[in-house]
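Counting convention: from 1, in listed order, for ligands and their atoms alike.
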Amino acid sequence: MSRLEPGPVAGTCLLDLFGQRKLATLQAAPGSVYGERVIDGYRLWDPFRSKLAALLQKSRRPGSLNLSPDAKVLYLGAATGTTVSHISDIVREGLVYAVEFSPRAMRDLIRLAEARSNVIPILADAAQPQAYSSLLEMVDFVYQDLAQKNQAQIASLNCARYLKRDRIMVLMLKTRSIDVTASPQAVLDSEIEKLESLEVMEVLDLQPFHQDHWAIVARKI
Ligand SMILES: C[S@@+](CC[C@H](N)C(=O)[O-])C[C@H]1O[C@@H](n2cnc3c(N)ncnc32)[C@H](O)[C@@H]1O
């Protein structure tokens, strides 16, 4: 067994692999999900593959991203479930409502949910949050990673409807999807202004892990 240390948030750890500290989560179901290495039951979580892992490595206030093991999470833009699977490890007694509108990605997500009872796949457009109201409850954490022109508006709509007050939302903002001609900083500033009833706590450039991506951490007020 490699040496283990607590990670930046509850439910994560740092494995010492030949002198390098690697972020990992304790697997909630057997096996590797997307080809990641599994060492003694811990799944390595690569910040180059997952923006949330990059945020956890870079954040100066990781405590605000702590999730309890029974937390309920709304995940918008789940894709095939790379990051969903690590959140599922962290909230092993909770639930991850994973919204994705690509039927192709949904096939993999359904396979993931078959192996993990706390993942609820939802085939829907995150810009129409009322469409999944019958499937959802109020949640403790909203995570959004989808490249759309109206990313801030989609986040605001979902948080207004489903995020409990005082709880945290993370928006992974891809500025080039919004405007390739404007400066990234100008796009970032204008998107932040569009966030409604959310107090911004941290804004981080995800380089060197992800180009043109910013993480916005905000609290619902
Ligand atoms: C960058 S990928 C997400 C990667 C994923 N978050 C991860 O780390 O494993 C963006 C995903 O958002 C989905 N998406 C984009 N717009 C969407 C929308 N309006 N509603 C639901 N899903 C959307 C895309 O189909 C794509 O699978």
Self-check item: Near-ring test Tyr162/Tyr132, centroid separation under 6.0 angstrom
Solution: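 Yes: the rings meet the under 6.0 Å criterion.
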Exercise. Can you spot which of Val170, Leu188, Leu204 makes a side-chain contact (heavy atoms from CB on, under 4.5 Å) with Ile216?
Key: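 Of all the options given, the one that passes is Leu188.
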Quiz item: Salt bridge or not for Arg116 and Asp89, using N-O below 4.0 Å?
Solution: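 Salt bridge present between Arg116 and Asp89.
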Quiz item: If you measure only the distance, is there a donor-acceptor pair under 3.5 Å linking the side chains of Thr83 and Ser50?
Solution: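 There is such a pair (donor and acceptor under 3.5 Å, judged by atom type) between the side chains of Thr83 and Ser50.
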Just let me know how [X] lines up against ligand 1, side chain, backbone, both or neither, with a heavy-atom cut-off below 4.0 Å.
X      : value
Ala105 : neither
Lys51  : side chain
Ala124 : backbone

Does any N or O atom in [X] lie less than 3.5 angstrom from one in ligand 1, N or O only?
X      : value
Tyr75  : yes
Ala126 : yes
Gln148 : yes
Phe101 : yes
Ser50  : no
Glu100 : yes
Gly77  : yes

Exercise. Give the atoms of ligand 1, by number and element, whose distance to some non-hydrogen atom of Thr83 is under 4.0 Å.
Key: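 That gives atoms 7 (C), 8 (O), 9 (O) of ligand 1.
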Self-check item: Atoms in ligand 1 with a heavy atom of Asp125 nearer than 4.0 Å
Solution: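 Per the distance check, 18 (C), 19 (N), 20 (N).
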Quiz item: What protein heavy atom is closest to atom 10 (C) of ligand 1, reported as residue, atom name and distance in Å?
Solution: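 Result for atom 10 (C) of ligand 1: Asp145 O, 3.3 Å.
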Quiz prompt | 4.5 Å side-chain heavy-atom contact, Val33 and Leu112 | solution =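 They are in side-chain contact.
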Quiz item: Which value, rounded to the nearest 0.5 Å, describes the distance between His86 atom NE2 and Asp46 atom CG?
Solution: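 Spacing of NE2 (His86) from CG (Asp46) equals 8.5 Å.
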Self-check item: Heavy atoms of other groups near Gln130 CD, more than 12 under 6.0 Å
Solution: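 Correct, the count exceeds 12.
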Self-check item: Results of ring pair (Phe, Tyr, Trp, His ring centres under 6.0 Å) for Tyr143 - residues two or more places apart only
Solution: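 So Tyr143 forms a ring pair (Phe, Tyr, Trp, His ring centres under 6.0 Å) with Tyr75.
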Quiz item: Only one of Lys51, Lys174, His213, Gln151 forms a side-chain hydrogen bond (donor to acceptor under 3.5 Å, both in side chains) with Asp145, so which one is it?
Solution: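 Going through Lys51, Lys174, His213, Gln151 one by one, the side-chain hydrogen bond (donor to acceptor under 3.5 Å, both in side chains) with Asp145 is satisfied by Lys51 alone.
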